[in-house]
Participant: 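Below you will find the structure I want to go over with you.
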Amino acid sequence: MSTKILIIEDEADIAELEKDYLEVSDYEVQIARDGESGLQKALEEEFDLIILDLMLPGRDGFEICRSIRETKNIPIIMVSAKKDEIDKIRGLGLGADDYMTKPFSPSELVARVKAHLNRYERLVTSNIKRNEIVEIRGIRIDKTARRVYVNGEEKTFTTKEFDLLTFLAENPNHVFSKDELFREIWDMESVGDIATVTVHIKKIREKIEYDTSKPQYIETIWGVGYRFKV
Ligand code: CA
């Protein structure tokens, strides 16, 4: 997927120059020529980075930056022809990631764009917590969401049924005695005994097995216990 950049800039020559340089670096670029349409585009479409001029007809860069920041945390590079304006906006803490004074070299802009995109990508990637999934022959256990799907269909499990199924599925082919399972799942709770394990296994089988009299997943090893077959 291409990386999309929005340039909000009323000076056509500058906007085109920036666009040319960014496109050479394989970015997909759109230009908005005034504050109003720029803000609208920024909020309604998905961009990876915004280059925002400070002095614009309609809404100015201050206002636009503030509005974008209310909902998006993509990198914003603010540009201005006035050095003292840059100092001022820095001090305002609008949430821009970088500031450049015009005229700047387009390759300098591209370098900064790259740096900010890389930094942002690292940030986003580190914040994504992937769900932990256990998947065995048509059974999909989403440990994070605590949901179980059997051949794509979601089944409802009680807390202990879920814990027991997950434990067995995560330790496939290992035979566990009822005692071991009871200690593992029910832990130090005083209520219940190993018969509880049998009851729970039965309930789990009703939800995951096609034919409970011929279990394909949780196998009974007579006189020993249970194992999850792979
Ligand atoms: Ca301007």
Side-chain angles (χ1 to χ4, degrees), residues 1-133 140 142-147:
M1 225 177 69
S2 61
T3 305
K4 286 175 73 184
I5 295 173
L6 175 63
I7 298 171
I8 308 177
E9 169 66 74
D10 58 319
E11 286 169 81
D13 293 353
I14 293 177
E16 288 300 332
L17 184 67
E18 291 173 356
K19 185 172 189 272
D20 287 347
Y21 269 78
L22 291 164
E23 281 178 346
V24 166
S25 296
D26 279 338
Y27 296 118
E28 196 184 313
V29 183
Q30 288 190 40
I31 296 173
R33 291 265 150 74
D34 62 84
E36 203 63 56
S37 66
L39 179 59
Q40 198 181 342
K41 257 186 187 302
L43 296 179
E44 288 173 5
E45 295 173 40
E46 292 296 324
F47 291 97
D48 299 284
L49 182 143
I50 293 173
I51 297 166
L52 174 61
D53 183 34
L54 181 63
M55 301 309 284
L56 292 162
R59 290 161 187 262
D60 68 18
F62 295 104
E63 207 184 324
I64 294 172
C65 187
R66 202 175 278 132
S67 301
I68 296 170
R69 270 293 169 264
E70 282 172 14
T71 54
K72 292 177 190 279
N73 60 350
I74 54 170
I76 300 174
I77 300 178
M78 289 193 81
V79 298
S80 173
K82 294 177 183 157
K83 175 75 174 67
D84 52 348
E85 286 292 344
I86 294 283
D87 294 336
K88 198 170 114 195
I89 53 178
R90 244 184 234 283
L92 283 174
L94 291 174
D97 297 86
D98 206 350
Y99 309 90
M100 295 181 81
T101 312
K102 288 193 254 186
F104 45 77
S105 88
S107 30
E108 168 71 13
L109 176 71
V110 172
R112 294 210 197 177
V113 163
K114 279 186 182 157
H116 283 288
L117 285 169
N118 285 339
R119 192 183 57 86
Y120 183 66
E121 197 189 346
R122 281 199 305 276
L123 189 77
V124 170
T125 315
S126 67
N127 280 341
I128 294 174
K129 293 189 176 53
R130 289 177 210 293
N131 280 16
E132 237 189 301
I133 308 281
R140 184 178 157 85
D142 184 333
K143 288 181 70 183
T144 314
R146 294 186 67 89
R147 294 178 134 178

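FYI, the numbering just counts along the sequence from 1. Just the heavy atoms: all of them, side chains too, but no hydrogens, waters or symmetry mates, feed the values below. In each ligand, atom 1 is the first atom listed, and ligand 1 is the first ligand listed.
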Participant: Do the side chains of E16 and R33 get close enough for a salt bridge, i.e. N-O under 4.0 angstrom?
Facilitator: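 Yes, E16 and R33 are salt-bridged.
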Participant: Closest heavy-atom contact between A32 and G38?
Facilitator: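 Where A32 meets G38 most closely, the heavy atoms are CB-CA, 3.4 Å.
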Participant: Within the supplied structure, the quantity of interest is the number of heavy atoms (other residues, nucleotides, ligands) at a distance under 6.0 Å from E46 CD; does it exceed 12?
Facilitator: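 No, the 6.0 Å shell around CD holds no more than 12 heavy atoms from other groups.
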Participant: For K102, what residues pass the side chain to side chain donor-acceptor pair (under 3.5 Å) criterion, not counting sequence neighbours?
Facilitator: E9, E11, D53
Participant: Give every protein N, O or S atom lying under 3.0 Å from the Ca ion (ligand 1), naming each by residue and atom.
Facilitator: D10 OD1, D53 OD2, M55 O
Participant: Inspect the contact between R66 and D60 and indicate whether a charged nitrogen and a carboxylate oxygen are less than 4.0 angstrom apart.
Facilitator: no
Participant: Using the rule given for side-chain contact (heavy atoms from CB on, under 4.5 Å), can you reason through D97 versus I77, listing the C-alpha separation, both sets of side-chain angles and the distance that settles it, and then say yes or no?
Facilitator: CA-CA 6 Å; D97 297 86; I77 300 178; 5.6 Å; no
